[in-house]
Protein chains: 2
Amino acid sequence: MGRPSTLEDKRRELLPVLAGAFAELGYRRLTSAELSARCGVGENVLYRIWPDKVAMFLAALDWVYLSSERAWERLLADEQGGDGPFLRLLAHEASHHGEQGLYRIVFAGLSETDDPRIRRALQGLYGRFHAFVRRQVTAHRGAQGPGTLDAETAAWAIVGLGTVASIGRELGLFGAASRERLLWDAGRVLAEGEPARSPTVRKPRRGGSKPRER
Amino acid sequence: MGRPSTLEDKRRELLPVLAGAFAELGYRRLTSAELSARCGVGENVLYRIWPDKVAMFLAALDWVYLSSERAWERLLADEQGGDGPFLRLLAHEASHHGEQGLYRIVFAGLSETDDPRIRRALQGLYGRFHAFVRRQVTAHRGAQGPGTLDAETAAWAIVGLGTVASIGRELGLFGAASRERLLWDAGRVLAEGEPARSPTVRKPRRGGSKPRER
DNA sequence: CGATAGTGTAAGTAGATACTTCCAAAACGT
DNA sequence: ACGTTTTGGAAGTATCTACTTACACTATCG
């Protein structure tokens with residue numbers, strides 16, 4: 001009896017818009033007016049779907065992380081390129097890092113860590129991300145031999161690479177080539193302890209293992 | 001003629017308070033009312049010293065970075081500990097990282113990169129920081145032999161270590177011991193390409209080079 | 001002293017913004 | 001057709017906040 005609700009559909013349809021908006025403007029600068037304009041609906045519609053702005057942010061954060069993770073899982077499942085899943089993943093991130101906007105949303109959240117809900121969400125997200133990277137590092141080592149850093153530490157350091165790559169992208173500190181060297185070369189060193197010297201294990205397109213002092 | 005101005009003294013006296021306040025609350029959450037309360041002066045006094053809130057933030061950012069850099073320079077100048085300046089610096093950061101609040105202010109700024117003044121300030125800060133780390137890496141290599149990463153890349157990766165260490169501290173993702181391993185072990189690997197195995201080159205207090213899988 | 005310039009306090013203002021309310025119209029079931 | 005529930009739009013509200021103004025008081029110089 002009565003009109004059937006379509007809020008669930010609308011929520012799913014709006015999530016990518018939220019994620020893009022928060023990634024672009026950050027938490028504070030994205031006003032509810034601006035957000036509703038981007039969504040093409042009235043503000044009250046948003047507030048019917050989510051109780052408040054924090055909930056919208058959390059939904060966007062969750063969505064963008066899960067999207068990224070799904071993309072990585074897909075890459076891992078695709079069995080092509082002889083270098084093993086970890087290096088494939090690293091190579092992919094080296095060329096496509098930041099395109100999902102994940103880090104931009106995370107940075108926005110890091111300024112709001114006084115809100116316990118946002119804080120918990122970020123803790124969960126980093127925990128999951130770290131665990132994911134750690135699993136890849138461990139698996140890679142199983143195939144390539146043990147590394148020199150413990151996997152825990154190596155995984156955090158690799159998360160740090162991604163972070164600084166995003167900051168560099170955001171501020172225009174370095175170009176795509178440097179970002180690629182950063183993720184690929186340093187990622188290898190951290191995971192393996194020393195870069196492999198065998199020519200068979202080499203990143204496709206624009207290898208950057210050559211030291212370039214200036 | 002007239003009363004002599006003491007604004008310059010007041011500015012110097014207030015800078016650490018500004019820095020602490022911005023580091024603790026971030027840019028948006030630190031209102032001018034709160035800031036003036038912490039400074040123990042009226043809001044108009046602040047606005048007599050700096051033209052607007054952005055200028056206060058930039059002054060704090062600058063101050064905290066210069067403080068950190070001065071602390072590092074002091075450490076480099078102190079010639080004690082036979083491991084060389086770079087490792088001394090790394091060891092120091094491994095145990096005292098984050099105490100200056102530098103990264104907290106930087107994170108606050110990263111959410112405000114739409115403001116061109118803040119953006120430029122952060123670009124300059126990261127450029128300077130990276131150049132500093134790069135110099136240390138290069139000097140260290142001159143003493144210890146070349147590394148496997150180019151110095152540019154290694155320096156960015158080390159900046160990434162500091163960043164993720166701060167995020168971890170902020171969110172409570174890991175404790176002091178893990179943070180120490182992260183900075184010390186991974187820092188060494190990045191700078192040197194592979195960890196030194198000689199027992200003479202070893203971090204004082206709580207060495208963490210032992211792999212610890214779980 | 002008296003003129004001048006500086007300081008601290010307290011109240012005020014204009015604009016922004018998260019969130020609400022109201023209401024007419026639309027989409028169902030009976 | 002009719003009652004019921006949902007939808008979208010627009011206007012409203014209470015609060016917050018960067019920044020200003022007004023003013024009484026104080027220190028310095030001639």
Side-chain angles (χ1 to χ4, degrees), chain A residues 1-15 17-19 21-22 24-61 105 108-109 111-118 121, chain B residues 1-15 17-19 21-22 24-61 105 108-109 111-118 121:
Chain A
M1 59 269 289
R3 187 174 171 172
S5 175
T6 60
L7 285 186
E8 267 311 312
D9 300 334
K10 194 125 266 189
R11 164 200 244 107
R12 269 191 296 274
E13 175 196 331
L14 257 33
L15 271 174
V17 186
L18 292 203
F22 276 114
E24 185 180 336
L25 293 178
Y27 184 78
R28 300 281 171 157
R29 269 158 54 218
L30 182 60
T31 67
S32 41
E34 171 72 19
L35 185 56
S36 78
R38 283 172 182 242
C39 289
V41 301
E43 297 186 52
N44 59 343
V45 176
L46 295 181
Y47 282 96
R48 275 205 275 261
I49 301 181
W50 293 281
D52 53 23
K53 194 184 165 188
V54 174
M56 301 177 205
F57 179 76
L58 295 181
L61 186 65
I105 289 204
S111 296
E112 308 294 328
T113 46
D114 57 320
D115 185 307
R117 288 183 288 172
I118 294 185
Chain B
M1 59 279 281
R3 186 175 171 175
S5 175
T6 61
L7 285 186
E8 267 311 313
D9 300 334
K10 195 123 264 193
R11 165 200 242 107
R12 269 191 295 274
E13 175 196 332
L14 256 32
L15 270 175
V17 186
L18 291 203
F22 275 114
E24 184 180 338
L25 293 178
Y27 183 78
R28 300 280 172 154
R29 270 159 53 218
L30 182 61
T31 67
S32 40
E34 172 71 20
L35 184 55
S36 77
R38 283 172 182 241
C39 289
V41 301
E43 296 187 49
N44 61 339
V45 175
L46 296 181
Y47 282 96
R48 277 207 272 259
I49 301 181
W50 294 280
D52 53 22
K53 194 183 163 188
V54 173
M56 300 176 205
F57 179 76
L58 296 181
L61 186 66
I105 290 205
S111 295
E112 308 294 328
T113 46
D114 57 321
D115 185 307
R117 287 184 288 171
I118 294 185

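Just so it is clear: chains get the letters A, B, ... in the order the sequence lines come, proteins before strands, and each one is counted from 1.
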_Between C:dT21 (C1') and A:Glu43 (CD): distance, integer Å_ = 13 Å
_Tell me the interatomic distance from B:Lys53, atom NZ, to D:dC16, atom C1', rounded to whole angstroms._
12 Å
*For B:Arg29 and D:dC16, what is the distance between atoms CZ and P respectively, to the nearest whole Å?*
16 Å
*What integer distance in Å separates B:Met56:CE from D:dT17:P?*
15 Å
_Can you tell whether the side chains of A:Asp115 and A:Lys53 come within less than 4.0 Å, N to carboxylate O?_
no
*Do NZ/NE/NH1/NH2 and the carboxylate oxygens of A:Glu112 and A:Arg28 come within less than 4.0 Å?*
yes
*Roughly, in whole Å, what's the span from CG in A:Leu7 to C1' in D:dT7?*
9 Å
*Think A:Lys10 has a side-chain N or O under 4.0 angstrom from the OP1 or OP2 of D:dG8?*
yes
*Of B:Arg48 and B:Val54, whose closest DNA chain D nucleotide lies nearer the 5' terminus?*
B:Val54
*asked:* Please classify the nucleic acid contact of A:Ser32 as base, sugar-phosphate, or nothing, using heavy-atom distances under 4.0 Å.
replied: base
*Using a 4.0 Å heavy-atom cut-off across all strands, classify A:Asn44 as base, sugar-phosphate, or nothing.*
base
*asked:* Nearest whole Å is fine: how far is C:dT17 P from A:Leu46 CG?
replied: 16 Å
*So does A:Ser5 get a side-chain nitrogen or oxygen closer than 4.0 Å to the phosphate oxygens (OP1/OP2) of D:dT7?*
yes
*Do the non-hydrogen side-chain atoms of B:Glu13 and B:Val41 ever get within less than 4.5 Å of each other?*
no
*Selection from C:dG8, D:dT17, C:dA26 that lies nearest to any side-chain heavy atom of A:Arg3*: C:dA26
*asked:* Please confirm whether the shortest side-chain N or O distance from A:Thr6 to OP1 or OP2 of D:dT6 is below 4.0 Å.
replied: no
*asked:* Below 30° counts as parallel, above 60° as perpendicular, anything between as tilted: where do the rings of B:Tyr27 and B:Phe57 land?
replied: perpendicular
_Per A:Asp52 side chain, nearest of listed nucleotides C:dC19, C:dT17, D:dT7_ = C:dC19
_A:Asn44, A:Leu46, A:Thr31, A:Val45 screened by side-chain contact (heavy atoms from CB on, under 4.5 Å) with A:Ser36, the one that passes_ = A:Leu46
*Measure from CZ on A:Arg28 to P on D:dC16 and round the result to the nearest Å.*
13 Å
*d(CD, A:Glu112; P, C:dA18) in whole Å*: 11 Å
